[in-house]
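Before any comments, here is the structure.
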Amino acid sequence: MSHPQPLSPDVVRLKREIAQADVHGRPISCQTARELASWFAEAHGPGFRTFLTTGLVTSQLHTELTRLYDQRSEEAGHWLANLARFVLSQPVDSQPRRRARRATPEDTR
């Protein structure tokens, strides 16, 4: 009989942080949301990748979360529910923020 592999410290920490959010009835932190998004980002689309790299909640992320709900396992579903609770508590920003560019002499003409 094989023994299950021990959980990595990251997984143990994520489980603890999700449990704390559940106990207090609040969304997970932005950092935890980004870490969960990184778990899902490899297998999913640009909404997760945008959130992971910029922290922006887009309509694409909403669509991808909906798709994941249809394919979830029990544990992934719990993690996904916490990520969705965070996403739903944030305003949707459809345009990535761009860095302000420096004014050039041509701008004054």
Side-chain angles (χ1 to χ4, degrees):
M1 177 186 263
S2 66
H3 295 281
Q5 292 185 338
L7 297 175
S8 74
D10 288 339
V11 171
V12 170
R13 184 179 43 73
L14 284 173
K15 285 179 179 256
R16 185 178 59 243
E17 290 176 16
I18 290 169
Q20 285 294 318
D22 287 346
V23 164
H24 296 289
R26 62 172 168 71
I28 55 177
S29 70
C30 185
Q31 177 184 348
T32 301
R34 284 185 175 197
E35 290 179 63
L36 288 176
S38 74
W39 284 75
F40 294 113
E42 290 298 317
H44 300 285
F48 272 98
R49 287 189 293 277
T50 297
F51 177 72
L52 181 60
T53 58
T54 68
L56 294 177
V57 172
T58 64
S59 59
Q60 287 177 321
L61 180 58
H62 282 259
T63 300
E64 291 167 17
L65 282 170
T66 300
R67 192 173 328 129
L68 277 174
Y69 265 99
D70 293 337
Q71 304 167 5
R72 69 188 185 271
S73 68
E74 186 175 334
E75 183 172 43
H78 183 67
W79 287 26
L80 188 57
N82 277 275
L83 181 56
R85 183 184 307 158
F86 172 84
V87 166
L88 292 172
S89 73
Q90 304 298 307
V92 174
D93 188 346
S94 61
Q95 296 296 319
R97 293 184 184 116
R98 303 191 191 283
R99 290 185 181 172
R101 68 179 185 91
R102 291 184 159 175
T104 63
E106 291 80 29
D107 292 335
T108 60
R109 290 184 194 172

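For this chain, numbers begin at 1 and follow the sequence in order.
- For residues 54-66, there are no salt bridge (charged side-chain N to carboxylate O under 4.0 Å, His left out) pairs, not counting sequence neighbours.
- One distance of note links CG of L52 with CD of E35; it measures 10.0 Å at 0.5 Å rounding.
- Between the side chain of S89 and the main chain of F86, a donor-acceptor pair closer than 3.5 Å is present.
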message: Test side-chain contact (heavy atoms from CB on, under 4.5 Å) on K15 and W79; report intermediate values, then the result.
response: CA-CA 8 Å; K15 285 179 179 256; W79 287 26; 3.8 Å; yes

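- Clustering ILVMFWY residues whenever any of their side-chain heavy atoms sit less than 4.5 angstrom apart, transitively, puts L88 in a cluster other than the one holding L36.
- For residues 76-88, the set of pairs meeting the salt bridge (charged side-chain N to carboxylate O under 4.0 Å, His left out) definition, not counting sequence neighbours, comprises D22-R85.
- Between P91 and V57, the closest heavy-atom pair is O-CB, 3.9 Å.
- In terms of heavy atoms, G47 sits closest to T58 at CA-OG1, 4.1 Å.
- Taking Q90 as the reference, nothing meets the side-chain hydrogen bond (donor to acceptor under 3.5 Å, both in side chains) condition, with sequence neighbours excluded.
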- request: Kindly indicate, with the supporting measurements, whether the criterion side-chain contact (heavy atoms from CB on, under 4.5 Å) is fulfilled by F48 and L61.
  value: CA-CA 6 Å; F48 272 98; L61 180 58; 4.0 Å; yes

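- Among all heavy-atom pairs drawn from L83 and A33, the shortest one is CD1-O, 3.5 Å.
- Note that CG of L65 is 9.5 Å distant from CZ of F51, once rounded to the nearest 0.5 Å.
- Partners of R26 under the salt bridge (Lys or Arg N to Asp or Glu O under 4.0 Å) rule, at least two apart in sequence or in another chain, do not exist in this structure.
- With sequence neighbours left out, the side chain to side chain contact (heavy atoms under 4.5 Å, CB included) criterion links S29 to Q31, T32.
- The two atoms that bring T50 and T54 nearest to each other are O-OG1, 2.6 Å, heavy atoms only.
- Heavy-atom minimum distance, Q60 versus P46: NE2-CG, 3.7 Å.
- Qualifying salt bridge (Lys or Arg N to Asp or Glu O under 4.0 Å) partners for E17, counting only residues two or more places apart in sequence or in other chains: R13.
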